[in-house]
Participant: 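Here it is, the structure in full.
No hydrogens, no waters, no symmetry mates; every other heavy atom, side chains included, goes into these values. Residue numbering restarts at 1 for every chain, and letters A, B, ... go by the order of the sequence lines. As the structure is a computational prediction, the values presented were derived from the model and not from experiment.
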There are 2 protein chains.
Amino acid sequence: MRTEQDAQRICQFRRHEHLAHKGEVQDKVYKLQEGWASRYCVLPDGRRQITALFLPGDYCEPQWLLSGKSDLPIVALTPVKAQTVPLAGIHAKPGDGVMKLLRGVLEAHDRQTSWIVSLGRKSAIERVTDLLAELFQRMRSHKQIVENCCTMPLTQQDIADVVGLTPVHVNRVLGDLRSRGLVRFSGKTLHLPKPEALGIPSLSQAEAAPGRDPAADRRILAA
Amino acid sequence: MRTEQDAQRICQFRRHEHLAHKGEVQDKVYKLQEGWASRYCVLPDGRRQITALFLPGDYCEPQWLLSGKSDLPIVALTPVKAQTVPLAGIHAKPGDGVMKLLRGVLEAHDRQTSWIVSLGRKSAIERVTDLLAELFQRMRSHKQIVENCCTMPLTQQDIADVVGLTPVHVNRVLGDLRSRGLVRFSGKTLHLPKPEALGIPSLSQAEAAPGRDPAADRRILAA
DNA sequence: CGCGGCATTGAACACCTTCAACAGCGGTGG
DNA sequence: CCACCGCTGTTGAAGGTGTTCAATGCCGCG
């Protein structure tokens, strides 16, 4: 019965179909295998903001383990194939599974912190390059980069809803980056000729401890 | 020896003094008793963004339980008195302590999500009122509201660094809110004559208990 | 008293939005 | 097969929101 069990644990979603609704009780999490999804929020007057992106390999949403519900909707940005991971199973046999999810929560928390900095203090160009850089690195950590290319299924409207801009301005910013030779699009695949120019560390030096900025601290301490 | 033990677990910080530095290893968390603190990020060119606020009663930072380090600095915005909670003790005797911290992580995560929406899609006036409303409600949940008044130790520069605006524009926005009778400042205390006008629910309907499964919590701890 | 941090106000400017129009493209139905 | 439609991307022009620069007043504190 293994094949049948596996089949039960895989589910598919069409583009714009919801993986979760607002306030819905969740007794499972998804592990994305193909396609992208997003958590979003719509204000009463229609303004929309994407607050999280889920890529293949990501858990969606790890904090459901603790909260038991999704307080914002999750929607597929592309056709999605996902594995369902029942929380009951994780609770029954705690251990590795719990830690994986908690690590997922921490990663999401760190990404959100970075986005707050981007949205609060960075220009349109910086926000877009930050997003492309983050996605490029997440794709790379899931081994989905080939020759500085990766799939980029987001529409300009999607990007706008992530970076807090209008679609037309995202278009202009992308055009600017293109004219400067920093990005190239061919259909739904993104090519970054010089990843370092976007602040993306080369693959070898994975992560090196950044070390604090003394001038920055001095500004705070100048009391 | 009780008094001596207690004394060891209380520490004080002056305004602008750091509770944690960037990348520092943490073997404890703080529980704030008096005063406010903030996590912040400074860009190379000096732009500053506050990514979290810590009020009396809050844990700072609950996720250190899982990450073991602070990747952004924490600084006191006022004189701070805090209780240190060693993580070794929590790990040694898991139970209630772990869940309190994990709940703190989830609350921080939800607040960050709301701030992404604010920073991405809301106007200056909305961002400032959102902040005042959030702080008012957090103060109220810690029983620190008297007659629609609470202490508001943030300077306009601090507020600007939270809501992603310049201090002068924050000043104009506050002046606008004041002229509309929505807020009043007397020194460092904030008075909200009509909390409902800022979207703050009245005290009675405080919170409809989110309803969590204590048994589930206990299972997680076994990990 | 004098100094430094904080609040306040004005004027000019920049960045991003808004509105509008159009092109390309895939899908659907006549 | 082609016409039509909707979605996505692209570009221009005008306008608004928030920034920048600068000056002034206030207040607590050494």
Side-chain angles (χ1 to χ4, degrees), chain A residues 14-16 36 43 45-49 75-79 118-132 151-179 183-190 218-223, chain B residues 14-17 36 43 45-49 75-79 118-131 151-179 183-190:
Chain A
R14 293 189 306 278
R15 190 160 110 104
H16 294 160
W36 293 27
L43 301 182
D45 62 357
R47 286 174 290 181
R48 179 167 172 269
Q49 175 69 40
V75 72
L77 298 174
T78 69
S118 251
L119 292 173
R121 288 304 182 198
K122 296 197 183 174
S123 68
I125 296 189
E126 291 172 303
R127 292 187 211 177
V128 173
T129 56
D130 275 11
L131 175 62
L132 296 182
T151 80
M152 169 54 63
L154 300 182
T155 67
Q156 293 183 1
Q157 173 74 66
D158 293 331
I159 296 176
D161 287 340
V162 175
V163 299
L165 298 170
T166 56
V168 310
H169 200 62
V170 166
N171 183 308
R172 291 190 232 273
V173 168
L174 287 177
D176 186 17
L177 292 176
R178 209 174 341 176
S179 73
V183 309
R184 287 212 40 203
F185 281 93
S186 20
K188 287 295 181 193
T189 72
L190 165 67
R218 233 175 289 122
R219 179 167 174 249
I220 301 284
L221 293 170
Chain B
R14 295 188 307 276
R15 189 161 109 105
H16 294 160
E17 195 176 350
W36 293 27
L43 302 183
D45 63 356
R47 285 175 290 181
R48 181 169 171 267
Q49 175 69 40
V75 71
L77 298 173
T78 69
S118 253
L119 292 173
R121 290 302 182 199
K122 297 197 183 175
S123 69
I125 297 189
E126 291 172 303
R127 292 188 211 178
V128 173
T129 56
D130 275 10
L131 175 62
T151 79
M152 169 55 61
L154 300 181
T155 67
Q156 293 182 1
Q157 171 75 65
D158 292 331
I159 296 176
D161 287 339
V162 175
V163 298
L165 298 170
T166 55
V168 310
H169 200 61
V170 166
N171 182 305
R172 291 189 232 272
V173 168
L174 287 177
D176 186 17
L177 292 176
R178 207 174 343 175
S179 73
V183 309
R184 286 214 38 200
F185 282 92
S186 22
K188 287 297 179 191
T189 73
L190 166 67

Participant: I need the CG-P distance between A:D158 and D:dC7, as an integer number of Å.
Facilitator: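 Rounding to the nearest Å, CG of A:D158 and P of D:dC7 are 14 Å apart.
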Participant: So which protein N/O to nucleotides 27-30 of chain D N/O distances come out below 3.5 Å?
Facilitator:
none

Participant: Tell me the salt bridge (charged side-chain N to carboxylate O under 4.0 Å, His left out) pairs involving residues 166-175 of chain B, sequence neighbours left out?
Facilitator: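 Applying salt bridge (charged side-chain N to carboxylate O under 4.0 Å, His left out) to every pair that reaches into residues 166-175 of chain B, excluding sequence neighbours, yields nothing.
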Participant: For D:dG9, take OP1 and OP2 only and decide whether either is under 4.0 Å from a side-chain N or O of A:N171.
Facilitator: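 It does not, given that no N or O in the side chain of A:N171 lies less than 4.0 Å from OP1 or OP2 of D:dG9.
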Participant: May I have the distance from B:Q157 (atom CD) to C:dA7 (atom P), rounded to whole angstrom?
Facilitator: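 Taking CD of B:Q157 and P of C:dA7, I get 9 Å after rounding.
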Participant: What is the distance, rounded to the nearest whole Å, between atom CG of B:L77 and atom P of C:dG5?
Facilitator: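 That distance rounds to 16 Å.
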Participant: List in chain and number order the residues that pass side-chain hydrogen bond (donor to acceptor under 3.5 Å, both in side chains) with A:T78, two or more places apart in sequence or in another chain; answer none if no residue qualifies.
Facilitator: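 Applying side-chain hydrogen bond (donor to acceptor under 3.5 Å, both in side chains) to A:T78 gives none.
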Participant: Holding to side-chain hydrogen bond (donor to acceptor under 3.5 Å, both in side chains), I want the full list of residues that pass it with B:T166, two or more places apart in sequence or in another chain.
Facilitator: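 Counting only residues at least two positions away or on another chain, B:T166 forms no side-chain hydrogen bond (donor to acceptor under 3.5 Å, both in side chains).
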Participant: Report the distance from atom CZ of A:R127 to atom NE2 of A:H169, rounding to the nearest 0.5 Å.
Facilitator: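 Going from CZ on A:R127 over to NE2 on A:H169, the span is 9.0 Å.
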Participant: Are OP1 or OP2 of D:dC7 and a side-chain N or O of A:R15 less than 4.0 angstrom apart?
Facilitator: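 For D:dC7, OP1/OP2 do not have a side-chain N/O of A:R15 under 4.0 Å.
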Participant: For nucleotides 11-22 of chain C, give me one character per nucleotide, 5' to 3': B if any protein heavy atom sits under 4.0 Å from the base, S if the only such contacts are to the sugar-phosphate, - if neither.
Facilitator: B----BBB----
Participant: Rounded to whole angstroms, how far apart are CD1 on B:I159 and C1' on C:dA7?
Facilitator: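 It works out to 12 Å between those atoms.
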Participant: Please report how far the helix from C:dC1-D:dG30 to C:dG30-D:dC1 bends, comparing the axis fitted to its first five pairs with the axis fitted to its last five, to the nearest 10 degrees.
Facilitator: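 Answer for the end axes of this duplex: 30°.
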Participant: Within this structure, what is the CE-to-C1' distance between B:M152 and C:dC6, rounded to whole angstrom?
Facilitator: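 My rounded result for the distance is 16 Å.
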Participant: How long is the line joining CG of A:L174 and P of D:dT8, in whole Å?
Facilitator: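 After rounding, the reported distance stands at 15 Å.
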Participant: Would you find a donor on one side and an acceptor on the other, under 3.5 Å apart, between the side chain of B:Q49 and the backbone of B:V162?
Facilitator: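 Answer holds: yes.
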Participant: Do any N or O atoms from the side chain of B:D158 and from the backbone of B:T155 form a donor-acceptor pair under 3.5 angstrom?
Facilitator: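 Yes; at least one donor-acceptor contact below 3.5 Å.
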Participant: Tell me every residue that passes side-chain hydrogen bond (donor to acceptor under 3.5 Å, both in side chains) with A:R121, counting only those two or more places apart in sequence or in another chain.
Facilitator: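 With sequence neighbours excluded, A:R121 shows a side-chain hydrogen bond (donor to acceptor under 3.5 Å, both in side chains) to B:D161, given in chain and number order.
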Participant: Would you please name every residue forming a side chain to side chain contact (heavy atoms under 4.5 Å, CB included) with B:D130, sequence neighbours left out?
Facilitator: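 B:S118, B:K122.
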Participant: For residues B:V170 and B:P167, determine if any side-chain heavy atom of one lies less than 4.5 Å from a side-chain heavy atom of the other.
Facilitator: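 Not touching, per the 4.5 Å side-chain cut-off.
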Participant: Please determine whether a side-chain nitrogen or oxygen atom of A:Q156 lies at a distance below 4.0 Å from atom OP1 or OP2 of D:dT10.
Facilitator: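 Result: yes.
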Participant: Hey, does the side chain of A:N171 reach the backbone of A:V168 with a donor-acceptor pair shorter than 3.5 angstrom?
Facilitator: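 Flag not set: sc A:N171 to bb A:V168 has no pair under 3.5 Å.
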Participant: Please enumerate all residues that pass side chain to side chain contact (heavy atoms under 4.5 Å, CB included) together with B:P79, with sequence neighbours excluded.
Facilitator: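 Testing B:P79 for side chain to side chain contact (heavy atoms under 4.5 Å, CB included), a comparison that skips the adjacent residues, returns B:R15.
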